[in-house]
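Per chain, numbering begins at 1; letters A, B, ... match sequence-line order.
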Protein chains: 2
Amino acid sequence: MSRGSPAEEYRIPVGRATTIVDVAERAGVSKATVSRYLSGKSEVLSEATWKQIEDAVAALNYRPSQIARSLKGGHTRLIGMVVADVTNPYSVAVLKGAEDECQRAGYMLALCNSGGSPEKEQLLLAGLRAYRIEGLILNLAGPGGEKVPEAMPADLPVVLLDRHLPAGRFDFVGLDNIAAMGEATRHLVGNGYRDLMLLAEPLRGVSVRIERGLGFREAVAAAGCSGEVCEVDLRQEGAMGAALARFMAGPDRGPRAVIAASGLVTLRTVQAMQALGLRMPGDLAVVGFDELEWSSLVGPGITTIAQPTYDIGIAVVRSLLARLATHNMTEPRSTIFTGRLVVRGSSAPAGAARHVRPAGEG
Amino acid sequence: MSRGSPAEEYRIPVGRATTIVDVAERAGVSKATVSRYLSGKSEVLSEATWKQIEDAVAALNYRPSQIARSLKGGHTRLIGMVVADVTNPYSVAVLKGAEDECQRAGYMLALCNSGGSPEKEQLLLAGLRAYRIEGLILNLAGPGGEKVPEAMPADLPVVLLDRHLPAGRFDFVGLDNIAAMGEATRHLVGNGYRDLMLLAEPLRGVSVRIERGLGFREAVAAAGCSGEVCEVDLRQEGAMGAALARFMAGPDRGPRAVIAASGLVTLRTVQAMQALGLRMPGDLAVVGFDELEWSSLVGPGITTIAQPTYDIGIAVVRSLLARLATHNMTEPRSTIFTGRLVVRGSSAPAGAARHVRPAGEG
DNA sequence: TTGTAAGCGTTATCAG
DNA sequence: CTGATAACGCTTACAA
């Protein structure tokens, strides 16, 4: 056989994609034998045959169709992931871990963004079902997540990420929010703050927020100081500013501090404080949930509760793979990570607070 | 037929997924007829039949297998997207636009992260090929991207995102980097800065960086002021600090300013400046590429060149869909967006610069 | 060690 | 209007 240049040899034919039959013909064997080669059954093939097929595959630059394989065997090696907000740094960081772990296990991730809309979430789940995903990683869009089971086959392995359902029928991977909130609260109280407020988006139907609210109330009660939970609708322009202004105008119970219940809330809090000319921590101390790349850059640095997001991503896939391995016959399992308080200037001791103005205000 | 409770009626059978045959049996028709229903051929079906099938589908909560459909028709309705860095806010913002547009067109996105490694990129492309994606959105990992064509069927529609190849064989969607860089440079010169430096990750093999370098040199030459391009390897601890220190220690040619060639470089620049105690813009003015959520929060606010990322995401999918529609028979097309300079305090006029210390330094 | 043939869940092409 | 039947590309008994 005259061998052309490598470039020519490897050119992929235009038009119909090469199939197992093309390879079989070129190698002078049957499809079945090629299939055995593809499944790596080297014990059962003669060395000569193996080599022939190997060459044919290389020459044709052949890649078996995962579609056809899936149809036959029922294994798509596809995992679906639906997040409530792709632009949330938390989601992205988790996604990275999940992606890595999927690749390691030979699975492909199909990522979707519900944008926080339960309706869109339902649509996406239906779409993923059509692709016969083998497992689902779900970061619930919000209230209404109870309908998830209806949209999916009852035996589909599901792992809930960050937010869970009351039922407890699914695996779950997330943070110990109560403990994390307790640590944050005690840190502030320990630093002399006496009038605390938790800023959160509307709690209803979102487990994370509810838990963080609970942890806050508990810790505040234990410390015997003032603590209010304030729900802020971030879609409403100026809502955050109004909430902060109201808090600052309240009766003087001692040094004031806020805890922002999510990365987005942290951002909006700092923005609003800047607009109101509130100094951090002089006028108001701040602790934020979720470590953000800019946490150390703003003002005196923002104290945050960091989550091990990459590890969470790995854990969520592992949880799914474990379930896959047992054909979904295991009890629902929760994997709970611990947050880590990263202390910076925004929560410095109340007395010692150097009254630094936010930069850029003069 | 006795009807159970809705909940019971809709329960999805465990075990084998329901197929078109189940629906056909329940509706008392043939699979072919069900298939016609699924393809929406209402003109050709009797109203009674239509209704029967409709009921059966609902009762069984049936969803046709996209896998089987793909195998038959060759249309997977799957689009692959490989990005160099999922954690880059640019990528995420584009992803959001792309995702929305895909959903609108009834396509599903399979997202992969090459992590900037050309080897991993090759692996991912091979994986996507197995799934018979109909189109590919590719944000090249870096040097070595020339091998992409080999990994993919020659007739696969490809759109390059942000970074392109010299060959120009593919569609491309990205920014007019030369113009954007020119605007940034002229802005700084206009505000009295005379000694400029462009901070970028190593240019070699990454078109965006090369173009930004080019645009910088051109603009600086046109303005007749000093301008150096400094390549910084961000993986090396302290490299950014060293580069900045060296720049500051150079001969006095007038007010100094840096342009950070990407969002990540901006972050590292500001971090290093803070570590070195450099005031912004007093000691050093800053303009950064890519608008970041925290741009307005740090110091006096960071002047940035904002990209219309969401629109870029939409454009990249549209470009692909257009190519899909013409069976890949169109000439390679480039869609170039224009950056927008968002002016903030970090590049305030050199004379008028209020010497604000980064907050938190005392 | 290898080949033959059935079947995975659809759609499309025929007939009827 | 509807029903058989043959693909689609692959895997897997079952034979040889």
Side-chain angles (χ1 to χ4, degrees), chain A residues 12-13 15-54 56-57 60-78 129-134 153, chain B residues 12-13 15-54 56-57 60-78 129-134 153:
Chain A
I12 298 164
R16 196 182 52 85
T18 71
T19 76
I20 201 171
V21 179
D22 303 318
V23 178
E25 276 176 4
R26 174 150 188 147
V29 298
S30 73
K31 322 190 283 176
T33 304
V34 177
S35 175
R36 288 189 261 263
Y37 164 87
L38 294 174
S39 319
K41 299 200 199 305
S42 51
E43 338 77 68
V44 88
L45 290 185
S46 82
E47 219 167 287
T49 310
W50 183 271
K51 184 85 180 60
Q52 278 172 325
I53 302 178
E54 198 167 33
V57 165
L60 298 170
N61 195 348
Y62 168 73
R63 270 246 134 197
S65 158
Q66 185 58 45
I67 299 292
R69 288 184 144 176
S70 303
L71 184 56
K72 186 64 179 87
H75 296 294
T76 56
R77 300 202 77 74
L78 217 46
R129 181 142 91 87
Y131 282 97
R132 299 298 187 259
I133 54 171
E134 291 185 51
Chain B
I12 299 165
R16 197 182 51 84
T18 71
T19 75
I20 200 172
V21 178
D22 302 320
V23 178
E25 276 175 3
R26 177 156 187 143
V29 298
S30 73
K31 340 186 262 171
T33 303
V34 178
S35 176
R36 287 189 261 263
Y37 165 87
L38 294 174
S39 318
K41 300 198 199 305
S42 50
E43 336 78 68
V44 88
L45 290 184
S46 80
E47 218 167 290
T49 310
W50 183 272
K51 184 85 180 62
Q52 277 172 324
I53 301 178
E54 198 168 31
V57 165
L60 298 170
N61 195 346
Y62 167 74
R63 269 245 133 198
S65 159
Q66 186 57 44
I67 300 291
R69 287 183 146 178
S70 303
L71 184 58
K72 184 67 178 88
H75 297 293
T76 56
R77 300 202 77 76
L78 215 46
R129 181 141 89 88
Y131 281 98
R132 299 295 186 261
I133 53 170
E134 291 186 53

Asker: Within the structure, does a side-chain N or O atom of B:Thr49 lie under 4.0 Å from either OP1 or OP2 of D:dC1?
Answerer: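 For D:dC1, neither OP1 nor OP2 has a side-chain N or O of B:Thr49 closer than 4.0 Å.
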Asker: Minimum heavy-atom separation for A:Ile20 to A:Ser35, with atom names?
Answerer: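 Where A:Ile20 meets A:Ser35 most closely, the heavy atoms are CD1-N, 3.8 Å.
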Asker: Quick one: label B:Tyr62 by what it contacts on the DNA or RNA (base, sugar-phosphate, nothing), any heavy atom closer than 4.0 Å.
Answerer: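 Contact class for B:Tyr62: sugar-phosphate only.
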Asker: Are A:Arg69 and A:His75 side-chain neighbours, meaning at least one heavy-atom pair lies under 4.5 Å?
Answerer: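 A:Arg69 vs A:His75: side chains apart.
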Asker: Per the atom types in the model, does the base of D:dG3 pair as donor or acceptor with the side chain of B:Arg36 at under 3.5 Å?
Answerer: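 Yes, the side chain and the base share a sub-3.5 Å donor-acceptor pair.
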Asker: Any side-chain N or O of B:Thr33 below 4.0 angstrom from OP1/OP2 of D:dG3?
Answerer: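 True: B:Thr33 side-chain N/O within range (under 4.0 Å) of D:dG3 OP1/OP2.
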Asker: Give one of base, sugar-phosphate or nothing for A:Ser35, where a contact means two heavy atoms less than 4.0 Å apart.
Answerer: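 Result for A:Ser35 = base.
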Asker: A:Arg36 versus A:Trp50: any side-chain heavy-atom pair under 4.5 Å?
Answerer: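 The answer is no; the side chains never approach within 4.5 Å.
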Asker: So, is B:Ser46 near the phosphate of D:dT2, with a side-chain N or O under 4.0 Å from OP1 or OP2?
Answerer: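 It does, given that an N or O in the side chain of B:Ser46 lies less than 4.0 Å from OP1 or OP2 of D:dT2.
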Asker: Please check the phosphate of C:dT11 (OP1 and OP2 only) for any side-chain N or O of B:Arg69 closer than 4.0 Å.
Answerer: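 The answer is yes; a side-chain N or O of B:Arg69 sits under 4.0 Å from OP1 or OP2.
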Asker: Within a strict 4.5 Å, meaning less than it, do heavy atoms of the A:Asn61 and A:Thr18 side chains meet?
Answerer: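 Side-chain contact under 4.5 Å: no.
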Asker: Decide yes or no for A:Tyr37 and A:Val29: does some side-chain heavy atom of the first lie under 4.5 Å from some side-chain heavy atom of the second?
Answerer: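 No, every pair of side-chain atoms sits at 4.5 Å or beyond.
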Asker: How bent is the helix from C:dT1-D:dA16 to C:dG16-D:dC1, measuring the angle between the end axes built from five pairs each, rounded to 10°?
Answerer: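 Answer for the end axes of this duplex: 40°.
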Asker: Compare the minimum distances between each of C:dG9, D:dG3, C:dT1 and the side chain of A:Leu71, then state the nucleotide with the smallest one.
Answerer: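 The answer is C:dG9.
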Asker: Check the phosphate of C:dG9 against B:Thr19, side-chain N and O only, distance under 4.0 Å to OP1 or OP2. Yes or no?
Answerer: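 For B:Thr19, the contact criterion (side-chain N or O under 4.0 Å from OP1 or OP2 of C:dG9) is not met.
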